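Single-structure report; data block below.
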Amino acid sequence: MKKRVTLLFAMFAALVTTASAQISVSPLTIAQDGNAELTVNLKNDEVVKGIQFTLTLPKGVTVPGSDTGITYSDGNTQTTYTPSNSVKVELTSRTKGWWVLGNKISESDEGNVYKFVLIDPSVKGLAAGNGEIMKISFKAAENVDLAEIKNGIALSDIHESVVNEGSNNDVAQADVSTDLTVAEFIKGDVNNNGKIDIDDPVCVLN
């Protein structure tokens with residue numbers, strides 16, 4: 001009897017298991033009057049077709065604007081989509097072909113708030129996996145305070161559109177926050193672009 005109860009419980013648990021999708025970000029350092037890129041990661045057990053979240057940054061740190069738009073493939077058609085008030089982001093290989101819309105929705109002494117929406121215009125969606133989905137460019141003001149700002153980067157109102165058993169389900173996620181360190185400069189970042197790469201020694205040689 002005990003074995004039957006255990007087996008039934010295991011079968012019930014399998015039936016009520018819900019799909020999971022989890023956005024995450026890592027701590028970031030940015031220099032005064034410098035640039036940096038925030039990498040957004042997604043771990044998903046099911047297919048994801050859409051993502052939205054609100055990004056809050058401390059005063060003096062912003063997401064620069066962009067006129068580039070997003071180029072995506074839809075069958076044999078190449079289409080460029082340029083959203084109004086778009087902000088500078090870069091999609092990764094996981095989200096290649098997706099649309100991304102980012103808008104600054106408010107600005108105050110508490111910080112700058114942005115809204116991001118990512119949509120897959122195709123029908124297949126993002127397969128289960130774990131890795132980078134986008135990079136968001138940051139710009140720090142010349143006079144931004146030199147300090148480690150606790151919870152300086154905050155993601156809230158996070159939702160993923162997840163395909164589970166053939167139907168789309170809205171999965172809400174708890175808020176995510178991480179530290180943002182503002183430094184006078186970043187050692188090794190000669191060209192002040194927020195990262196250390198091959199361009200830095202080339203800049204030194206020049």
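Residue numbers count from 1 along this sequence. Since this is a predicted model, take the numbers as computed values, not measurements. We use all heavy atoms of the structure for the numbers below, so side chains are in, but hydrogens, waters and symmetry mates are not.
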query: Do K104 and N112 have side-chain heavy atoms sitting under 4.5 Å apart?
result: yes
- line: Looking only at heavy atoms, the pair that brings A183 and T29 closest together is CB-CG2, 4.3 Å
task: Verify the distance criterion only: is there a donor paired with an acceptor across the side chains of N44 and R94 at less than 3.5 Å?
output: yes
task: Kindly indicate whether the side chain of F53, heavy atoms from C-beta on, has any atom under 4.5 Å from the side chain of V176.
output: no
query: Counting heavy atoms not belonging to K115, are there more than 12 under 6.0 Å from its NZ?
result: yes
- prompt: Atom OG1 in T95, atom CD1 in I119: separation rounded to 0.5 Å?
  reply: 13.0 Å
message: Check whether D120 reaches the backbone of S122 with its side chain - one donor and one acceptor, N or O, closer than 3.5 Å.
response: yes
task: Could you tell me which non-hydrogen atom of A31 sits nearest to which non-hydrogen atom of A140, and how far apart they are?
output: O-CB, 3.4 Å
message: Let me check something: do L42 and V117 share a hydrophobic cluster, defined by ILVMFWY side-chain heavy atoms less than 4.5 Å apart, either directly or through other members?
response: no
T92 (side chain) donor-acceptor with E132 (main chain) under 3.5 angstrom: yes
For the student: nearest non-hydrogen atoms of V162 and A21, plus distance: CG2-CB, 4.1 Å
task: With rounding to the nearest 0.5 Å, note down the distance linking OH in Y114 to CD in E107.
output: 7.5 Å
task: Compute whether any side-chain donor of one residue and acceptor of the other, for K135 and T39, lie under 3.5 angstrom apart.
output: yes
- request: Would you check if K49 and E160 make a side-chain contact, meaning some heavy-atom pair closer than 4.5 Å?
  value: no
- prompt: How many angstroms lie between atom CD of Q22 and atom CG of N130, to the nearest 0.5 angstrom?
  reply: 10.5 Å
From CG (L126) to CD1 (I51), nearest 0.5 Å: 6.5 Å
task: Measure the CZ-CD1 distance between F116 and I136 for me, rounded to the nearest 0.5 Å.
output: 4.0 Å
Spacing of N168 atom CG and S161 atom OG [to the nearest 0.5 Å]: 4.5 Å
query: Does L28 reach the side chain of I153, with side-chain heavy atoms less than 4.5 Å apart?
result: yes
query: How far apart are the closest heavy atoms of P58 and G152, and which atoms are they?
result: CD-O, 2.8 Å
message: Less than 4.5 Å apart, side chain to side chain, heavy atoms only: is that true for V63 and L55?
response: yes
- prompt: Is it true that a side-chain atom of Q173 and a backbone atom of I23 form a donor plus acceptor pair closer than 3.5 Å?
  reply: yes
message: Give me the atom names and distance for the closest heavy-atom approach of S137 to P64.
response: O-CD, 3.3 Å
field: Test side-chain contact (heavy atoms from CB on, under 4.5 Å) applied to K139 and N35, I30, V61, L57, the passing residue
entry: N35
field: pair E142-V144: side-chain heavy atoms closer than 4.5 Å
entry: no
Linked, directly or transitively: M134 and V113 (ILVMFWY side chains, under 4.5 Å): no
Listed partners of D109 passing salt bridge (charged side-chain N to carboxylate O under 4.0 Å, His left out), at least two apart: K59
- prompt: Do N169 side-chain atoms and S167 backbone N/O form a donor-acceptor pair below 3.5 Å?
  reply: yes
Validation row: Q52, D157 side chains within 4.5 angstrom (heavy atoms): yes
Min side-chain heavy-atom separation V87-N103 under 4.5 Å: no
